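Chain A is the first sequence line, chain B the second, and so forth, proteins listed ahead of strands; every chain is numbered from 1. In this text, all values refer to a predicted model and were calculated from it rather than measured experimentally.
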Amino acid sequence: MSVIEIHGLKKQFKSGKNIVEALRGIDLNVPQGQIFGLLGPNGAGKTTLLRILTTLLQADSGEATVVGHSLRSASAEVRRVIGYVSQKGGAEAAATGRENLSFQAQLYGMRGAQVTSRVDELLAALELESIAGRPVQTYSGGQRRRLDLALGMVHRPALLFLDEPSVGLDPQSRARVWDEVRRLHDSGTAIVLTTHYLDEADALCERIAIIDQGQIVAEDSPEGLKRKIAGDVVLLGLDNGHVIAAQELFSTQSFIREIKQEPEALRLLVDEGEQALPAILQLVHERGLPIRTVALNRPSLDDVFLRQTGRSLRDDLN
Amino acid sequence: MNLFSEIWIVARHSVRVALRNPMTIIVGLLQPVTWMLLFAPLLNNLPTTAGFAPGQAINSFTPGMLVMLAPITSLFSGIGLVVELREGVLDRLRVTPVSRLAVVLGKAARDLVVLLLQGILLLLVAWAMGLNVSFVGIVGALGLMLIVGLLMISVSYGFALMLRDENAVASISNVLLLPLLLLSGLILPLEFAPGWMQRVADLNPLAYTVDAMRALFAGQFASGAILNGFLVTAVLAALGLFWATRSFHRALA
């Protein structure tokens with residue numbers, strides 16, 4: 001069974017005279033019990049899709065069910081069973097962590113002792129007890145993010161949406177957030193997150209949909225995506241003066257699928273790295289190219305993105 | 001949960017947070033209290049005019065200040081809404097099962113509670129300065145002030161949802177504020193005004209509120225001014241609330 005089913009979802013925005021097609025027909029199934037990642041550059045449509053799935057926006061056309069409830073006809077039921085942590089989090093800065101959580105629990109219909117025990121439980125689980133009585137505006141980025149997560153989990157949702165869960169966090173806080181997401185997943189919550197960080201998608205998600213310009217361009221497990229689409233990467237380190245010569249040498253070889261120049265290196269995309277490596281070294285030797293280093297890399301999700309869209313995700317971020 | 005218990009939950013939480021910071025209450029009070037301390041004494045030597053009796057300046061002046069309090073506090077309450085919109089607070093609340101209307105009405109209720117507390121504090125200052133008014137007059141005056149407050153809050157929320165920018169909300173409120181106040185006769189009675197200005201003031205709802213407020217303070221409970229004031233303000237407040245909730249449904253529901 002799928003926790004989310006989407007058919008032909010479209011959304012346009014008007015900005016002045018221009019029409020921006022944020023979603024151009026999304027079809028997607030999210031299986032139950034997984035950490036599912038929507039990976040794509042800023043402006044790809046990830047947040048729009050998430051806002052539609054969380055009932056904050058209405059799609060122009062298309063159908064979607066979330067945890068078995070239709071978005072169009074049963075949005076109130078959808079809201080009861082999902083949690084949502086937006087990019088900005090949405091905690092009230094002037095209220096304390098405990099006040100934010102208690103209020104959220106009451107909005108989900110909890111009362112009295114029920115509120116207190118659930119809030120205590122969450123404060124303990126996310127190690128926020130010592131700062132629970134302080135206004136949120138005094139929290140560090142990592143503390144605030146943990147509170148945001150707690151706010152999304154108050155009612156034990158069947159499905160939790162996380163929009164860019166680790167954006168702007170230091171590495172330690174980031175790892176901490178990942179741990180919390182994994183723990184939540186282990187307890188049986190389905191998780192859908194958006195990210196434009198490759199390492200986050202790679203480290204956290206069991207399944208990924210790559211989204212670009214309002215369309216899903218690929219979908220599989222991280223390993224499957226890399227295996228199917230990108231092949232392996234051989235990176236030859238050599239002086240800039242020899243990069244051109246090396247490129248000419250390899251451009252005529254049929255087993256090389258793609259060549260890309262990099263500073264003091266040449267990047268070769270091949271189907272099977274282990275088999276290609278001896279042939280590459282042989283060619284290098286015959287031509288007498290002074291290579292300094294050789295590395296065989298499994299492809300990254302960035303390579304996948306590059307293959308699918310012709311652009312690098314990293315370029316988009318800069 | 002029904003709408004009222006939802007509004008209650010939102011309002012109770014929001015009031016608790018708002019009152020943590022005493023500046024919430026003090027800022028709006030500073031201006032009318034300064035007028036009372038530094039301007040009202042001048043009126044004691046004014047010749048008898050409608051609503052102004054010599055020697056009892058504070059009795060004639062406090063009703064105007066109570067009316068002033070509502071716009072200078074509540075006309076700016078939409079700014080908080082814009083901030084919550086931008087920081088994702090409203091989105092978080094909109095994803096919960098609570099009615100989206102209850103979220104806005106609960107926040108409006110918080111702004112009314114702040115206004116009421118300011119009104120009571122203002123009356124205490126006036127009382128210390130020698131105010132002499134009946135209990136019925138006070139209850140009626142605070143009730144009327146709350147209706148004006150509801151009008152101002154609705155208008156401010158409507159602007160906030162339309163403009164979505166706190167600077168724009170602040171500017172438009174400031175532009176509206178001064179003519180609204182000056183053309184209401186809340187500092188000096190409009191009997192002093194030239195004819196054209198009185199005609200314009202006839203179009204200002206706050207002018208009727210001020211008349212009603214003065215009558216309440218003077219104990220003239222049979223006066224038609226009281227009925228007029230309540231009627232004009234209540235009708236406008238209902239229209240304002242309708243506009244604000246409609247903008248809310250369009251923008252966020």
With a sphere of 6.0 Å drawn around [atom1] of [X], does it hold more than 12 non-hydrogen atoms of other residues, nucleotides or ligands?
X       : atom1 : answer
Q58(A)  : CD    : no
W243(B) : CH2   : yes
F242(B) : CZ    : no

Under 4.5 Å from any heavy atom of chain A - which part of E6(B):
neither

Which region of V17(B), side chain (C-beta onward) or backbone (N, CA, C, O), has a non-hydrogen atom less than 4.5 Å from a non-hydrogen atom of chain A, or is it both or neither?
side chain

Which atoms of L151(A) approach chain B - backbone, side chain, both or neither, heavy atom under 4.5 Å
side chain

Which answer fits A76(A), side chain, backbone, both or neither, if we ask what part of it has an atom under 4.5 Å from a heavy atom of chain B?
neither

In Å, rounded to the nearest 0.5 Å, how long is the span from [atom1] of [X] to [atom2] of [Y]?
X       : Y       : atom1 : atom2 : value
R94(B)  : S86(A)  : CZ    : OG    : 11.0 Å
L93(B)  : F103(A) : CG    : CZ    : 5.5 Å
R111(A) : I9(B)   : CZ    : CD1   : 3.5 Å
R92(B)  : L56(A)  : CZ    : CG    : 12.5 Å

Heavy-atom pairs under 4.5 Å with chain B are the metric here; pick the option from S75(A), A91(A), G83(A) that has the most.
A91(A)

For chain A, which of V98(B), V103(B), V89(B), T96(B) has the most heavy-atom pairs under 4.5 Å?
T96(B)

Is there a side-chain contact (heavy atoms from CB on, under 4.5 Å) between E87(B) and E92(A)? Walk through the geometry before answering.
CA-CA 8 Å; E87(B) 294 195 338; E92(A) 272 176 83; over 6 Å; no

Could you check R12(B), R20(B), R16(B) and say which one makes a salt bridge (charged side-chain N to carboxylate O under 4.0 Å, His left out) with E99(A)?
R20(B)

Pairwise side-chain contact, L107(A) with V10(B), heavy-atom cut-off 4.5 Å (strictly under)
yes

Quick check: closest heavy atoms across Y108(A) and V95(B), and the distance to 0.1 Å?
OH-O, 3.9 Å

Check: R80(A) side chain, P97(B) main-chain N or O, donor-acceptor pair, under 3.5 Å
no

Should D91(B) and K88(A) count as an ion pair when the cut-off is N to O under 4.0 Å?
no

